[in-house]
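Worksheet: one structure, shown below.
Whatever order the structure lists them in is the order used to number ligands and atoms, beginning at 1.
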Amino acid sequence: MPLAATPPAEQSSAMSAAGVPAPAPAAELPVPATTSNATTGPAFDPKEVTVIFVLGGPGAGKGTQCARLVQDYGFVHLSAGDLLRAEQARPGSQFGAMIKEYITEGRIVPMEVTIKLLENAMRAAMSSEAGQAKEAGAAGGNKGIPARRFLVDGFPRQMDQAVKFDETVCPSSLVLFLVCPEPILLERLLERGKTSGRDDDNAASISKRFQTFINTSMPVVDYYRKQGKVVDIDSAKSIEDVYADIKSAIEPVLGA
Ligand code: C5P
Ligand code: MG
């Protein structure tokens, strides 16, 4: 079945209880906490910062395509899954064990952790020389401009994450939705699992991740589709062809 259908409501609610205690607020994440909250509005102004969400089922090619976009357009690529895995591996993290359990079960980590990791990474990229140099290079040598184009990959994956991020971090300009039939995704993930070392690239976790995607993440795509922000990309095609479609979708947003 293509991973593009919205499930019945009773399935959605069943997926929201993770069976693992929710964490305390992410106060001990590696970069200092910031002051953004729902009453003061988003931490970043969408007029100054472009956020593009890259969504799609597991194995749809989100990371592969984001890597190309980083090279050509100077985006900062923030993969929610990569940030969670890094936090899981960080010595002393109070969230490590919890994150590992959620990932292995294919469930969505409580949003406080993921949003704080993303916000911290955006802030770090905006103030780092590396971020500035990257975009300056891609833009043709305009040195000193801050990193301001972000690809947020694999996020939001649950409605609460979407609402909270839009409210407190930065509303997105565009949502790229990589659509791919499930058998192709399965084949790609099993192939990747031979070398990825990931806890969740195995048949048991993959099937749970597909369920979570359909039940919990598709409503997010539908939500942004109603806002007119979604562009569907057929990601069963070759990497090159998918990339060409993505370039056509993002260039109007970038004014390129
Ligand atoms: O995107 P990726 O496949 O790397 O995500 C791996 C896992 O990380 C997901 O299956 C989920 O357990 C967790 N995750 C999450 N919330 C996100 C993104 C990823 O809980 N927004
Ligand atoms: Mg990925």
Are any of the side-chain nitrogens in [X] or [Y] under 4.0 Å away from the carboxylate oxygens of its partner?
X	Y	answer
E191	R188	no
R123	E119	yes
D201	R209	yes
K208	D200	no
K237	D234	no

Seminar exercise, completed: Residue pairs meeting salt bridge (Lys or Arg N to Asp or Glu O under 4.0 Å), one or both in residues 57-68, sequence neighbours left out, come to R68-E240
Exercise. Near ligand 1, which protein residues have a heavy atom under 4.0 Å away?
Worked result: A80, G81, L84, R85, Y102, I103, R107, I108, V109, G154, F155, R157, Q161, R198, D200, R209
